[in-house]
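Just below is one structure, and these are the notes that go with it.
For ligands, and for the atoms within them, numbers begin at 1 and follow the listed sequence.
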Amino acid sequence: MNNPIPLYSTADIREIEQLAAARPNPPNLMEKAGLAAAHITKNKLLSNDKSNLLVLAGPGNNGGDAFVTARYLRAWGFQVTTIFTGDPSKLSQDAKQALQNWLNAGGELHNDIPSSGSWHVIIDGLFGIGLNPDKYPLDEKYQRLIAAVNHMNLPVLALDIPSGLSADNGIAPSTAIKATITATFIGLKPGLLTHDGCEYAGEIILCDLDLDAVSMKSPQSWLLDQSLIKTLLPAPRPANSHKGIFGSVGIIGGASGMVGAALLAGSAALKLGAGRVYLGLLANQPSTVDPAQPELMLRPVDELFELDHLTCLIVGPGLGKEISACLCLEETLQTSLPVVLDADALNLIAHHSELASALRSRHAPSLLTPHAAEAARLLGTDIATVQNHRMQAAEDLARNFNCSVVLKGAGSICAFPNGHCYFNASGNPGLSSAGTGDVLSGMTGALLAQGLTSENALLLAVYLHGAAADALLETLAGPIGMTASEIIDSARHLLNQWVYGHHARFRYSHAYSIY
Ligand SMILES: NC(=O)C1=CN([C@@H]2O[C@H](COP(=O)(O)OP(=O)(O)OC[C@H]3O[C@@H](n4cnc5c(N)ncnc54)[C@H](OP(=O)(O)O)[C@@H]3O)[C@@H](O)[C@H]2O)[C@@H](O)CC1
Ligand SMILES: Nc1ncnc2c1ncn2[C@@H]1O[C@H](COP(=O)(O)OP(=O)(O)O)[C@@H](O)[C@H]1O
Ligand SMILES: [K+]
């Protein structure tokens, strides 16, 4: 089994670099980084030996990486034009050496992009993890350079992180380089994987520079990707099974005008494998059957609490904030069932401190699925603060409420009370439409019902939900106009593929013969 891929903050990376530098024979990390980037550029972005490259070298060590990259590519016969925006006297020892080596090799420096010139590929070495957009914004010179690069619409390799993007938070307050590929060094950075990072990073290639980062710094965050998911899948079903084995999901929501939200969660729970799905609808005179999904059992909400065989409860899809919703949530929090709380269930908890206390003191697992606005209400802050510090917000929610949490949005972050975080690698803007969150809650409930732990159910549901949307892109069923219902069917298809390969029908078919 592959180990999960760790993520490191800027402070962690600096610590790892210092540990490497303190070794008896310290590795030349800048040389390794530049060489790795040069290989990636040659192998993935340059189509012929006559290509011209534009290399941007900034004022710090990211600029040093750029000089090394430029030197190798020039040595391999490519035409390289290098822009340097810094002050040579302020460079670190390594970067000074890299600049000197570039000049010794016959390389030239420009202080701006030459007006007459054409290039096939651009290397972005303006800023790496040293950029501090929180402290001071990019000045006009850099904003103009970055805009010029983006305007050229050429393949771009970003060194370590696209310049302008914050490595820790994934925010690009002014502007950032839109990379085709980001060659990131030593370890993955959270900022590449969430919020604006999803827009700017392009394909991410990790270059470990021959350091075994995990042995030097124990990680707290990991990438939520296909290889991790493989370890969480439910086992193939026994042939001799019955619906009781696969659990019973109860869903509470569907107030007047929002019944569809509960129905979507119900269909998702059903089609992701729950044995039975009950819906307690809060609407006045609710329907007693969903003709589009008659397998769902629609009941008055009080009856749901009388069922003694529920495996988990989902509260929130279309719940509303009426007193009846509040009472249902209060009763839910008192049960010993695992619960998934979404949408207005989260808003009610944010507004009623007694519900928040009841949530905190639960012994059974509680899973929260807020988007940024719901997270802001729960944390008593504003949306911008949450989005500018997404990992911190997810961690705070998990710790404050003693819950498993997914902070949804581009690059969803799953956080757990033990401080561990996972950054989701799947998903696309096709998911930005009403109802997809209801589907995620239903999927999570289905996996809980089938016996996954709350951590594993959340991780698998979040990744599968995004991967289902990604699969729909293959058939052009999105991103424009992708619907929540389509996510459900796509997710069912993928889950079966992952659990059975293409062999489900062979596994359960009976071959009889007479000898
Ligand atoms: N150390 C190692 O062993 C290895 C490091 N490696 C590489 O080094 C990179 C980190 O290098 P780094 O620490 O020098 O920071 P870097 O990203 O170049 O930026 C610093 C410069 O930017 C400036 N600056 C900051 N914010 C600004 C703003 N808003 N607007 C304008 N300017 C701003 C800042 O100015 P100052 O704040 O100091 O005034 C300083 O001049 C890392 O990402 C990787 O690529 C690899 O070689 C592997 C080994
Ligand atoms: N641009 C995007 N990239 C990846 N995932 C997205 C994107 N936009 C939305 N999503 C996902 O879609 C879902 C939306 O949930 P939510 O906002 O609660 O919708 P609703 O309340 O309408 O059901 C979340 O799982 C979120 O992570
Ligand atoms: K960069």
Take atom NZ in Lys141; do more than 12 heavy atoms of anything else shown fall under 6.0 Å from it? yes
So is Ala343 close enough to ligand 2, meaning a heavy atom under 4.0 angstrom away? no
What do we get for Asp65 next to ligand 1 when only non-hydrogen atoms under 4.0 Å count, side chain, backbone, both or neither? side chain
Answer yes or no: does an N/O atom from Gly130 fall short of 3.5 Å to an N/O atom of ligand 1? yes
Quick one about Ser9 and Asp12 (side-chain donor to acceptor, distance below 3.5 Å, no hydrogens or angles considered), yes or no? yes
Using distance alone, decide if ligand 1 has a nitrogen or oxygen within less than 3.5 Å of any nitrogen or oxygen in Ile186. no
Show the nearest heavy-atom pair for residues Ala345 and Leu329, with the distance to one decimal. O-CD2, 3.5 Å
In terms of residue, atom name and distance, what is the protein heavy atom nearest to atom 7 (C) of ligand 2? Ser432 OG, 3.5 Å
Between Met30 and ligand 1, which part of the residue brings a heavy atom under 4.0 Å of the ligand: side chain, backbone, both or neither? both
With sequence neighbours left out, which residue pairs that include part of residues 141-179 fulfil the ring pair (Phe, Tyr, Trp, His ring centres under 6.0 Å) condition? Phe127-Tyr142
Quick note on ligand 2: atoms under 4.0 Å from a heavy atom of Gly409 include exactly 26 (C), 27 (O)
Under 3.4 Å from the K ion (ligand 3), which protein N, O or S atoms do you find? Ignore water molecules. Asn62 OD1, Asp124 O, Asp124 OD2, Phe127 O, Leu159 O, Ile161 O, Ser163 OG
Among all protein heavy atoms, pick out the one at the shortest distance from atom 6 (C) of ligand 2; state its residue, atom name and that distance to 0.1 Å. Leu431 CB, 3.6 Å
Please could you name the atoms of ligand 2 that Thr436 approaches to less than 4.0 Å, counting only its heavy atoms? 12 (O), 13 (C), 14 (C), 15 (O), 23 (O)
Would you verify that at least one protein heavy atom lies under 4.0 Å from atom 21 (O) of ligand 2, or report that none does? no
Side chains of Ser426 and Asn424: any donor to acceptor distance under 3.5 Å? yes
What atoms of ligand 2 come within less than 4.0 Å of a heavy atom belonging to Asp438? 23 (O)
Is it the case that Asp225 and Ser227 place a side-chain donor and acceptor less than 3.5 Å from each other? yes
Below 3.5 Å, N or O to N or O, backbone or side chain included: is there any such pair between Leu209 and ligand 1? no
Using a strict 4.0 Å cut-off to heavy atoms of Gly128, name the atoms of ligand 1 that fall inside it. 16 (P), 17 (O), 43 (O)
Can you find an N or O of Lys408 that's nearer than 3.5 Å to an N or O of ligand 2? yes
List every atom of ligand 1 that sits less than 4.0 Å from any heavy atom of Leu131, numbering the atoms from 1 in the order shown and giving each element. 17 (O), 25 (C), 26 (N), 27 (C), 28 (C), 29 (N)
Report yes or no: does a heavy atom of Asn132 sit under 4.0 Å from some atom of ligand 1? yes
Test item: side-chain donor near acceptor, Asn61 and Ser92, under 3.5 Å: yes
Within-cut-off N or O pair, Ser426 and ligand 2, under 3.5 Å: no
Tyr142-ligand 1 polar pair, N/O distance under 3.5 Å: no
Please identify which atoms of ligand 2 are closer than 4.0 Å to at least one heavy atom of Ala410. 3 (N), 4 (C)
Give the atom numbers and elements of ligand 2 that come within less than 4.0 Å of a heavy atom of Ser412. 27 (O)
Hey, is ligand 1 close enough to Asp139 that some N/O pair sits below 3.5 Å? no
Below the 3.5 angstrom mark, is there an N/O of Gly427, backbone or side chain, next to an N/O of ligand 2? no
Determine, using heavy atoms of Arg14 and all atoms of ligand 1, whether some pair is separated by less than 4.0 Å. yes
Going by distance alone, is a donor N or O of one side chain under 3.5 Å from an acceptor N or O of the other, for Asp470 and Asn428? yes
Would Gly437 count as being in polar contact with ligand 2, using the rule that some N or O on each side must be under 3.5 angstrom apart? yes
